[in-house]
Amino acid sequence: MGREQEHRYRVVDVFTEHPLEGNALAVFPDASAMDATTMQRIARELNLAETAFVLPPTRSDCAARVRIFTPAKEMRFAGHPTIGTGFVLLEEGLVPGSNGDFILEEDIGPVRVRVESGARPMLWLSTPAIEAGRCYDPALCASVLGLTTRDLLDIPPQRLSAGNPTLFVALRDRLAVNRAWLDLAGMKQLRGSDAEPMCMFVFTPTVQGAYSRMFAPEYGVAEDPATGSSTGPLAAFMMRHGLAPNTGGTRLVSEQGTKMGRRSLLHVHVRGDSGADGIEVGGHVTPLVTATMSLP
């Protein structure tokens with residue numbers, strides 16, 4: 001028998017200051033000996049929303065390259081793996097410390113991470129360029145979510161993307177958000193002839209920002225506790241429809257994952273009016289597990 005290789009990894013809870021809340025993430029700080037097939041099999045084995053693998057960068061301006069996998073597929077970009085991987089690299093002294101920033105190389109391109117010091121450091125990612133897509137029939141959206149059109153605000157559901165196409169549906173209250181559900185058949189009905197998979201994001205405005213849930217059955221994630229890649233587009237969607245202030249410096253908080261017992265707080269910082277200078281998404285990270293995986 002061949003000698004087994006040992007791969008150290010960390011599990012952290014992202015967008016929370018409390019263990020066993022937020023969105024769990026596995027990070028392999030040194031995945032240079034792994035191929036993509038092995039990475040995908042590990043992500044399926046761990047069965048978390050996402051698993052991140054750190055590799056040497058191919059760009060001189062980046063601190064590390066990160067490949068991100070759900071149990072079903074590789075992602076071009078994802079928010080909680082960016083924040084969580086940044087935290088692990090920071091803790092292990094592989095990137096600059098407090099009040100600094102660094103860049104991670106992801107399939108979508110370079111993603112800047114900013115470290116805000118404090119008793120518990122908060123990490124912020126700069127949302128990639130947001131693209132607006134088509135609008136969807138409100139009645140169809142309500143139907144596949146198990147709701148009625150009375151549960152929707154009078155705002156056309158629309159697809160936006162900062163790397164991961166997401167359909168945003170604004171609902172009237174938290175009760176409607178909590179009643180919503182979407183299965184794979186419903187997502188296929190919504191997508192129709194569109195070839196590219198997408199996520200479904202439902203929310204209602206709150207004083208702090210939004211109360212949210214996100215479904216991604218086509219990505220192998222029935223419901224996601226915290227979706228950083230969709231939170232920048234959420235802020236853009238809310239500002240566009242008067243559901244949040246659009247002045248530069250606006251701060252919002254999206255509470256997500258509460259219905260599934262994984263309460264997450266995703267902070268938003270709008271730079272420039274209507275995000276003209278970018279939209280940052282930030283949060284805390286709580287370390288949970290350090291372990292070793294043995295593979296042939």
Side-chain angles (χ1 to χ4, degrees), residues 23-25 40-41 43-51 68-81 130-204 210-231 233-234 237 254-264 266:
N23 203 349
L25 171 75
Q40 183 64 78
R41 293 180 68 190
R44 189 178 300 118
E45 174 74 16
L46 295 177
N47 202 33
L48 300 173
E50 277 135 343
T51 299
I68 301 165
F69 291 78
T70 75
K73 64 173 293 183
E74 185 171 9
M75 305 291 288
R76 296 180 64 217
F77 163 68
H80 98 275
I130 299 171
E131 298 178 358
R134 71 180 180 93
C135 293
Y136 288 71
D137 177 52
L140 176 59
C141 291
S143 175
V144 300
L145 287 166
L147 304 173
T148 71
T149 53
R150 294 189 300 274
D151 293 311
L152 276 61
L153 294 178
D154 189 20
I155 293 172
Q158 186 177 14
R159 184 178 63 197
L160 288 83
S161 178
N164 299 316
T166 303
L167 174 55
F168 291 90
V169 183
L171 303 180
R172 291 198 175 277
D173 53 36
R174 292 171 66 109
L175 292 175
V177 173
N178 284 341
R179 289 202 315 275
W181 184 251
L182 180 70
D183 60 13
L184 184 57
M187 180 58 83
K188 288 181 177 178
Q189 184 181 357
L190 266 176
R191 188 162 53 83
S193 60
D194 292 343
E196 189 173 17
M198 65 179 179
C199 311
M200 182 76 152
F201 198 105
V202 298
F203 73 96
T204 192
Y211 177 76
S212 311
R213 294 175 70 194
M214 198 284 281
F215 310 108
E218 293 187 313
Y219 289 89
V221 180
E223 181 173 356
D224 195 27
T227 317
S229 63
S230 296
T231 300
L234 167 67
F237 183 80
S254 174
E255 178 186 344
Q256 189 181 334
T258 302
K259 178 66 164 54
M260 57 189 302
R262 303 283 311 193
R263 185 171 185 261
S264 307
L266 295 87

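Formation of a donor-acceptor pair under 3.5 Å by the Asn164 side chain with backbone atoms of Ser230 is not found in this model. The main-chain N or O of Pro225 is found under 3.5 Å from a side-chain atom of Ser264 such that the two form a donor-acceptor pair. Distance alone, capped at 3.5 Å, places no donor-acceptor pair between the Asn178 side chain and the Leu175 backbone. With Thr204 contributing its side chain and Leu171 its backbone, the two residues share a donor-acceptor pair below 3.5 Å. Side-chain N or O atoms of Glu218 include none that pairs as donor or acceptor with a backbone N or O of Cys199 at under 3.5 Å.
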Next on the checklist: Checking Gln158 against Phe168 for the side-chain contact (heavy atoms from CB on, under 4.5 Å) test, could you report, in this order, the C-alpha distance in whole Å, the side-chain angles of both residues, the deciding distance, and whether it holds?
Outcome noted: CA-CA 5 Å; Gln158 186 177 14; Phe168 291 90; 5.8 Å; no
Checklist entry - Would Leu140 and Leu190 count as a side-chain contact (heavy atoms from CB on, under 4.5 Å) if you check the C-alpha gap in whole Å, the side-chain angles of each, and the deciding distance to 0.1 Å? => result CA-CA 7 Å; Leu140 176 59; Leu190 266 176; 4.0 Å; yes
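Judged as a salt bridge (charged side-chain N to carboxylate O under 4.0 Å, His left out), and not counting sequence neighbours, the contacts of Glu255 are Arg174, Arg263.
Between atom OG1 of residue Thr51 and atom CD of residue Glu45 there is a gap of 10.5 Å, rounded to the nearest 0.5 Å. Here CZ of Arg262 is found 11.0 Å from CG of Asp224. Values are rounded to the nearest 0.5 Å. Met198 CE to Tyr219 OH: the interatomic distance, rounded to the nearest 0.5 Å, is 9.5 Å. Taking OH from Tyr136 and CE from Met200, the interatomic distance works out to 9.5 Å, rounded to the nearest 0.5 Å. Taken to the nearest 0.5 Å, the CG atom of Leu152 stands 7.0 Å off from the CG atom of Leu147. Expressed to the nearest 0.5 Å, how far CZ of Arg191 lies from CZ of Arg159 amounts to 10.0 Å.
Summarising the local packing, CZ of Arg134 is surrounded by more than 12 heavy atoms from other residues, nucleotides or ligands at distances under 6.0 Å. Enclosure of atom CZ in Arg41 is not indicated, since only 12 or fewer non-hydrogen atoms of other residues, nucleotides or ligands lie within 6.0 angstrom.
Residue Asn47 comes nearest to Pro71 through the heavy atom pair OD1-CG, 3.7 Å, listed as atom of the first residue, atom of the second, then distance. For Pro197 against Lys73, the heavy-atom pair with the smallest separation is CG-NZ, 4.4 Å. What you find for Phe69 and Ala43 is that their closest heavy atoms are CB-CB, 3.7 Å. Heavy atoms only, all atoms of each residue included: Leu266 and Ala226 are closest at CD1-CB, 3.9 Å. When all heavy atoms of Ile68 and Ala78 are compared, the pair lying nearest together is CD1-N, 3.9 Å. Closest of all the heavy-atom pairs between Leu160 and Ala132 is CG-CA, 4.3 Å.
Looking at heavy atoms from C-beta onward, Thr166 lies out of side-chain contact with Pro233 at the 4.5 angstrom threshold. Considering only heavy atoms from C-beta on, Val144 comes within 4.5 Å of Leu182 through its side chain. Looking only at side-chain heavy atoms (C-beta outward), Pro156 and Pro138 stay at 4.5 Å or farther from each other. In this structure the side chain of Phe215 reaches within 4.5 angstrom of the side chain of Val202, judged on heavy atoms. In this structure, the side chains of Met75 and Thr70 come closer than 4.5 Å at one or more pairs of heavy atoms. Counting only heavy atoms from C-beta outward, the side chains of Asp183 and Pro217 never approach each other to under 4.5 Å.
No side-chain N or O of Ser254 forms a donor-acceptor pair with one of Thr231 less than 3.5 Å apart.
Note: Phe203 and Phe237 have perpendicular aromatic rings, judged against thresholds of 30 and 60 degrees for the angle between ring planes.
Of the residues listed (His80, Gln256, Arg213), the one engaging Thr227 in a side chain to side chain donor-acceptor pair (under 3.5 Å) is Gln256, and it is the only one.
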